[in-house]
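One structure is given here, and the rest of the page talks about it.
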Amino acid sequence: MTNATSTLGFPRMGGKRELKFALEKHWKGAISEQELLTITNTVEEKAWALQSNIDFVTVGDHYLYDSVLSWTEFLGLFPKRFEKCESGLPRMFAMARGIDGAPALGMKKWLTSNYHYLVPEVDETSKLSPNFDRFLANCKRGVQFHGEAKAVPVILGPVSFARFATIASTSSATKQSLVADLIPVYKDLLIKVKALGVKEIQIHEPALVFDDAELLPHFKSVYPEILPGDVSINMVSFMEDVGEDNYQWLQSENNGVDVVSLDFTRGETLDLVEKYGFHASKTLGAGLIDSRNVWKVIPEVTLPIIKKLNSLNIKYRVQPSGSLQYAPWDFDNETELKTHVAANVLSFAKQKLGELEIVAAAASGTGDLSAHTTSWSVYHTARKELSKAGAIVAERVANLKDEDFSRSEDYTTRRPKQLVGTPLLPTTTNGSFPQTREIRRLRTQLKKGTLSLVDYEAAIDEQISYCIGIQEGLGLDILVHGEPERTDMVEYFAQQMDGMLFSQQGWVQSFGSRCVRPPIFWTDIHSPTAMTTREYEVAQALTSKPVKGMLTGPITILNWSFPRVDISRKEQAFQIGLGIRDEVSRLEESGCTVIQVDEPALREGMPMRPGSKEEYLTWAVNAFCLSTAGAKASTQIHTHMCYCEFDDCMEAIDRMDTDVISIENSRSDNATLEAFKRIGYKKGFGPGLYDIHSPVVPLVENQYNKLKIFLECLDIEQTVVNPDHGLKTRAWPETIPALRNMVTATNKIREELGVPKFVKSSGF
């Protein structure tokens, strides 16, 4: 029996980020909607062409911002503030980016990834007004390109859509009523999709991986009710196993599902298959190729799964564990990486398509993975020979003691010693300022060798001086140097540490047009020299106010990179944590008294299953504490977290023992703030006052009202005032008035409360 191959999605930005640049031109008014769609279609057709040897290829899933937002617009479900927007792309982009008088929809991380989605919002005026014309037209294009047997339209399932939606308190809707309302809409849609002549439809229900017993009744009410019959239905989940109850439901004969696609690279999927079997009438979509890393298949990991599936006589396809959108486009674009010892075991999205065929042949007995085995053997030998500090790093990790994870004094004792003289309600930012065209030009010139390092650093120092001057002029209290030397908060530190590789074109979409280029861990990691002290010293010399040292935490570097697969993530996190710890010490030696160690990715790495969560949170928090615990009691440690559901890890966040935590709160309707209030969080707290991902400048009145609400939940002594994120993606004409309004709103509150703008105090 020959095992078929299938895909679940492909990167959308293009091999050279063509869609990113087209989107940004469209938002600036430089190209029309039709020109944007022409570029989009061209990129999509390039992706389709690469998949020509695959048996089943997805269509209709080339989304222009994120999948959930696209389906929000297809369904015509939007809150009142967007009712006057033109339907289609104008309204979709308004919901994503906000417009005057209408803040953007909330944003959250997608399951356990660094991808983001816009949260559907249902208020008292919301009603379904679906228009699937654009979706159906895209599916039709795919059918014409691939043929009816190969093209597989992708639909975001109604249960998952309802699970991701938020329902306003002003609405009478419930999750149950929303699912019920979606049933006839999806039923009609599936009839239309079937009419395209396709032989199979993928329904993506990522909510299957949630440990939520309330979801199963919804699945049972929807399936097979919405299914048209006489077309194969492929139910897809990813990023975790689906749990025992959902797995057993997926095996039932009467749910209308013909193909069940499961992730075998994370969670305990194989255990579920062994325990409960697999229904003989169904086909298994076996996610054997990890869609979320850049490494080739490891034969010692994959072959035992194949052997077990074959021994159980299960009919299965070979496919990625999820959409390949989480991997870069094509390793062939990497002229520099090709010469590295890791090159033979690296695999980007295009290469993973080839691996699908190789693994399928191995599964069918017509091929093997011997070439993979050889490649990995050569890599491991070379890695051990070339690793600069493997033994030293391993020894440091092995010799860690309990006291290495704890500050020298508890919070109550150390807080009065920090930032003496800073006023109550201190205003600050989260690190970065606009990355201008001039800054990018400097970076390009340095890379090309047309600008010397001395001249580059002098130009960067001018940018730092400008940032300090702006902050002084606006009246901010705790300043930052602005990070003009950094491209990305993870990439920058990865470039300063030994043990990581960097791609030239290895871009991955985070959301919208925002792309990141994750580092690749190839050997043991350490920080041999100072990474940030030069820029800090330049900035601090320009002001008498405290300047933050700005670092990225070990878990964020880990989760926003492509880590090794031959050692545990815990060990890699501890290696990074030691590197950041060393940099904290270096900053203190340079006179720094306030250091921010950003950890926005703590939550996204947490497994879905309860049994695995606490294990992860224990070592993840320990890695963060390892990086900060060596700080002096008088050094104030900040961290920043964003776009996550924090409710199930609040105690872990408290255990991080930071002096101040700033969070994204501007898009979450104070839900995150309320979660911290419920656990009685008493340390310094900076809920984001305004949304930096929107180009709209928030008014003084809006920020004043929001800060007043914050102070109903927080003590004034613990409250810090800041935007919800760094400002690198904004332009100066937006940044300056937004911060000016933030400071004005803060001073207005101070005056009302009788708090001076400048106070000699302990702590704040």
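Just so you know, these numbers use all the heavy atoms, side chains as well, and skip hydrogens, waters and symmetry mates.
With Gln202 contributing its side chain and Pro153 its backbone, the two residues share no donor-acceptor pair below 3.5 Å. In terms of modelled atom types and a separation under 3.5 Å, the side chain of Asn255 and the main chain of Leu250 share a donor-acceptor contact. Side-chain atoms of Ser129 come within 3.5 Å of backbone N or O of Gly76 as a donor-acceptor pair. Counting only distance, with no hydrogens or angles, the side chain of Glu599 and the backbone of Thr556 share a donor-acceptor pair below 3.5 Å. With hydrogens and angles disregarded, a donor-acceptor distance shorter than 3.5 Å links the side chain of Lys175 to the backbone of Ala165. For Thr269 (side chain) and Asp263 (main-chain N/O), a donor-acceptor pair under 3.5 Å exists by modelled atom type. Glu121 contributes no side-chain N or O that, together with a main-chain N or O of Pro79, makes up a donor-acceptor pair within less than 3.5 Å. Although no hydrogens or angles enter the test, the distance criterion places no donor-acceptor pair under 3.5 Å between the side chain of Asp691 and the main chain of Pro103. Using modelled atom types, no side-chain atom of Asn234 and backbone atom of Ile203 make a donor-acceptor pair closer than 3.5 Å. For Ser171 (side chain) and Ala168 (main-chain N/O), no donor-acceptor pair under 3.5 Å exists by modelled atom type.
A distance of 8.0 Å separates CE in Met608 from CE in Met606, rounded to the nearest 0.5 Å. Here the straight-line distance linking atom CG of Leu353 with atom CD1 of Ile358 works out to 11.0 Å at 0.5 Å rounding. A distance of 13.5 Å separates CZ in Phe348 from CH2 in Trp329, rounded to the nearest 0.5 Å.
A heavy-atom distance below 4.5 Å is found between the side chains of Leu37 and Leu89. For the pair Val122 and Leu77, the minimum side-chain heavy-atom distance is below 4.5 Å. Contact check for Ile653 versus Phe676: side-chain heavy atoms found under the 4.5 Å cut-off. Side chains of Val209 and Pro206 form no contact here, defined as non-hydrogen atoms less than 4.5 Å apart. Considering only heavy atoms from C-beta on, Glu357 comes within 4.5 Å of Asn53 through its side chain. Side-chain contact check for Asp61 versus Phe135: every heavy-atom pair is 4.5 Å or farther apart. You'll find the side chain of Phe161 stays beyond 4.5 Å of the side chain of Val159, heavy atoms only. Within the 4.5 Å cutoff, no side-chain heavy atoms of Phe238 are placed close to those of Arg266.
In this structure, Lys275 pairs ionically with Glu244, as a charged nitrogen and a carboxylate oxygen lie closer than 4.0 Å. Remark: Arg655 engages Glu614 in a salt bridge, criterion side-chain N to carboxylate O under 4.0 Å. Between Glu615 and Lys570 there is no salt bridge, since none of the side-chain N atoms of the basic residue sits less than 4.0 Å from a carboxylate O of the acidic one. In this structure, Glu200 pairs ionically with Arg317, as a charged nitrogen and a carboxylate oxygen lie closer than 4.0 Å. Taking a cutoff of 4.0 Å between a charged side-chain nitrogen and a carboxylate oxygen, Arg91 and Glu86 do not qualify as a salt bridge. Using a 4.0 Å cut-off between charged nitrogen and carboxylate oxygen, Asp241 and Arg609 count as a salt-bridge pair. Salt-bridge formation is detected for the pair Arg141/Glu45: a Lys NZ or Arg NE/NH1/NH2 atom is positioned less than 4.0 Å from an Asp or Glu carboxylate oxygen.
Side-chain N/O atoms of Asp123 and Thr170 include no donor and acceptor closer than 3.5 Å. With no hydrogens or angles considered, a side-chain donor-acceptor pair links Trp71 and Tyr63 at under 3.5 Å. Residues Glu355 and Ser347 have side chains that bring a donor and an acceptor to within less than 3.5 angstrom of each other. If you check the side chains of His62 and Thr40, you find no donor sitting under 3.5 Å from an acceptor. Arg12 and Gln509 form a side-chain donor-acceptor contact under 3.5 Å, judged by distance and modelled atom types alone. Using a 3.5 Å distance cut-off with no hydrogens or angles, the side chains of Ser261 and Gln319 do pair a donor with an acceptor.
Among the candidates Tyr115, Trp110, Trp560, the single residue satisfying the side chain to side chain donor-acceptor pair (under 3.5 Å) test with Glu604 is Trp560.
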* Asked: Would Phe511 and Tyr117 satisfy ring pair (Phe, Tyr, Trp, His ring centres under 6.0 Å), going step by step from the backbone distance to the final call?
  -> CA-CA 7 Å; Phe511 64 89; Tyr117 71 96; over 10 Å; no
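Applying the salt bridge (charged side-chain N to carboxylate O under 4.0 Å, His left out) rule to Lys192 yields the partners Asp188; only residues at least two apart in sequence or on another chain are considered. Partners of Glu225 by salt bridge (charged side-chain N to carboxylate O under 4.0 Å, His left out), not counting sequence neighbours, listed by chain and number: Lys187.
In terms of heavy-atom proximity, Leu196 sits nearest to Cys139 at CD1-CB, 3.6 Å. The shortest non-hydrogen separation linking Gly256 to Ile233 is O-CB, 3.8 Å.
For the pair Arg163 and Phe210, the distance from NZ or CZ to the six-membered ring centre is under 6.0 Å and the angle to the ring normal is within 45 degrees.
Aromatic pair Trp295/Phe562: centroids not less than 6.0 angstrom apart.
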